[in-house]
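All values below come from the heavy atoms of this structure, side chains included, with hydrogens, waters and symmetry mates left out. Chain A is the first sequence line, chain B the second, and so forth, proteins listed ahead of strands; every chain is numbered from 1.
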Number of protein chains: 2
Amino acid sequence: MEDSPEQRLSRSFAALSDPVRRDIVARLTIGDATVSDLAAPYDISLQAVSKHLKVLEEAGLVSRRREAQRRPVHLESQALAEMTGWIERHQRRAEQRMARLEEVLADLPSSDTTGTSDTHGAGQ
Amino acid sequence: MEDSPEQRLSRSFAALSDPVRRDIVARLTIGDATVSDLAAPYDISLQAVSKHLKVLEEAGLVSRRREAQRRPVHLESQALAEMTGWIERHQRRAEQRMARLEEVLADLPSSDTTGTSDTHGAGQ
DNA sequence: CTTGTATTCAACCAATCGGTTGAATAAGGA
DNA sequence: TCCTTATTCAACCGATTGGTTGAATACAAG
């Protein structure tokens with residue numbers, strides 16, 4: 001029972017939808033850190049932070065190794081890359097479409113250039 | 001009571017954590033569409049899709065205009081840009097750090113290049 | 001072996017989520 | 001006016017989420 005790319009993407013986005021987890025990711029860009037290191041800035045329990053890390057790990061955004069009784073957390077930037085991959089792909093499509101649209105509008109007779117109106121004709 | 005950038009980011013990521021909503025965004029890169037257009041491919045009720053669109057709208061990822069009794073939905077690619085902004089910023093930091101680390105490792109005497117070990121010395 | 005430290009597991013709770021169905025609203029057309 | 005089409009609102013429901021506290025596990029060090 002392994003993970004479809006769809007599911008991993010869902011988990012990654014869900015993981016970064018929490019400000020504490022985004023904050024943790026930001027912190028990890030500076031360097032690996034233990035659970036207690038990461039928990040220090042927050043008012044929540046260590047267990048809560050541990051849960052957040054589990055969520056990040058299951059999304060593939062971080063990995064953990066063992067080092068004595070500590071469990072240093074490491075950011076997996078490749079998982080971030082997959083997310084930007086998805087977003088940019090769609091962003092690009094949307095922007096290309098808008099560019100084509102504006103080109104067409106520029107060629108038209110005249111009247112108002114107002115309103116972000118659109119073809120929107122079916123498709124599907 | 002307006003929206004901090006932090007909150008909008010949370011909402012955007014949460015919005016894209018659902019496969020149906022990602023799918024809708026993908027569909028909208030082709031062109032604006034009505035609620036029923038968007039609902040057609042799915043087995044869920046029209047109301048459920050309407051809710052999904054509300055989530056996307058509150059995240060700033062789509063906007064809606066009125067056109068007779070229809071409410072065509074339009075993708076706001078700029079909101080996607082904000083997301084990639086956040087991710088890439090952190091991705092870049094992480095990768096730069098790794099690059100510096102590898103540089104240092106290359107200069108070291110010898111022994112194992114194994115294990116993604118790390119400085120991880122405090123920080124905070 | 002006992003103690004201390006770092007972390008996770010387990011059970012619980014309130015809030016949110018994704019879905020449902022049924023009723024309400026908005027607008028065009030007979 | 002009445003009917004149809006498009007969409008939203010409202011109430012409800014089970015599952016998931018982010019937090020809690022208390023007990024368990026994994027190691028290191030006396």
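Here the CG atom belonging to L80(A) is positioned 8.5 Å from the CD atom belonging to E95(B), to the nearest 0.5 angstrom. For the atom pair CG of L38(A) and CG of L28(A), the computed distance is 5.5 Å after rounding to the nearest 0.5 Å.
Sequence neighbours left out, the pairs with a member in residues 6-23 of chain B that pass salt bridge (Lys or Arg N to Asp or Glu O under 4.0 Å) are E6(A)-R22(B), R22(A)-E6(B), D3(B)-R11(B), R8(B)-E82(B).
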What are the atom names and distances for every N/O pair under 3.5 Å that joins the protein to nucleotides 7-9 of chain D?
| from | atom 1 | to | atom 2 | distance (Å) |
| --- | --- | --- | --- | --- |
| dT7(D) | OP1 | V35(B) | N | 3.3 |
| dT7(D) | OP1 | R71(B) | N | 3.1 |
| dT7(D) | OP2 | S36(B) | N | 2.9 |
| dT7(D) | OP2 | S36(B) | OG | 2.1 |
| dT8(D) | OP1 | R64(B) | NH2 | 2.8 |
| dT8(D) | OP2 | S50(B) | OG | 2.6 |

Polar pairs (N or O, both sides) under 3.5 Å between protein and nucleotides 13-16 of chain C?
none

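For the pair R65(A) CZ and dA6(C) P, the interatomic distance rounds to 16 Å; values are reported in whole Å. dT21(C) atom P lies 12 Å from atom CD1 of I44(B), rounded to whole Å. In this structure, the CD atom of E58(B) is 13 Å from the C1' atom of dC17(C), given to the nearest Å. Separating the CD atom of E67(A) from the P atom of dT7(C) is a distance of 10 Å, rounded to the nearest angstrom. One interatomic measurement links the two molecules: CG of L56(A) to P of dG18(D), which rounds to 10 Å at whole-angstrom precision. When rounded to the nearest whole Å, the span between CG of D18(A) and C1' of dC17(C) equals 15 Å. Spacing between atom NZ of K51(A) and atom P of dA10(C) amounts to 12 Å, rounded to whole angstrom units.
There is a side-chain donor-acceptor pair under 3.5 Å between S63(A) and E76(A).
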Could you go through the side-chain contact (heavy atoms from CB on, under 4.5 Å) check for L61(A) and L16(A) one step at a time? CA-CA 9 Å; L61(A) 285 162; L16(A) 293 191; 4.1 Å; yes

Can you check salt bridge (Lys or Arg N to Asp or Glu O under 4.0 Å) on R70(B) and D32(B), steps first, answer last? CA-CA 12 Å; R70(B) 260 145 271 122; D32(B) 297 9; over 6 Å; no

Walk me through it: do E57(B) and V73(B) pass the test side-chain contact (heavy atoms from CB on, under 4.5 Å)? CA-CA 9 Å; E57(B) 184 175 42; V73(B) 182; over 6 Å; no

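Between dG19(C) and H52(B), a contact under 4.0 Å exists linking OP1 or OP2 to a side-chain N or O.
Taking the nucleotide of DNA chain D with the nearest heavy atom to each of A68(A) and A48(A), the more 5' of the two is matched to A48(A).
No donor-acceptor pair under 3.5 Å is formed between the side chain of T34(A) and the backbone N or O of P72(A).
Under the 4.5 Å side-chain heavy-atom criterion for ILVMFWY residues, no single connected hydrophobic cluster contains both V55(A) and L9(B).
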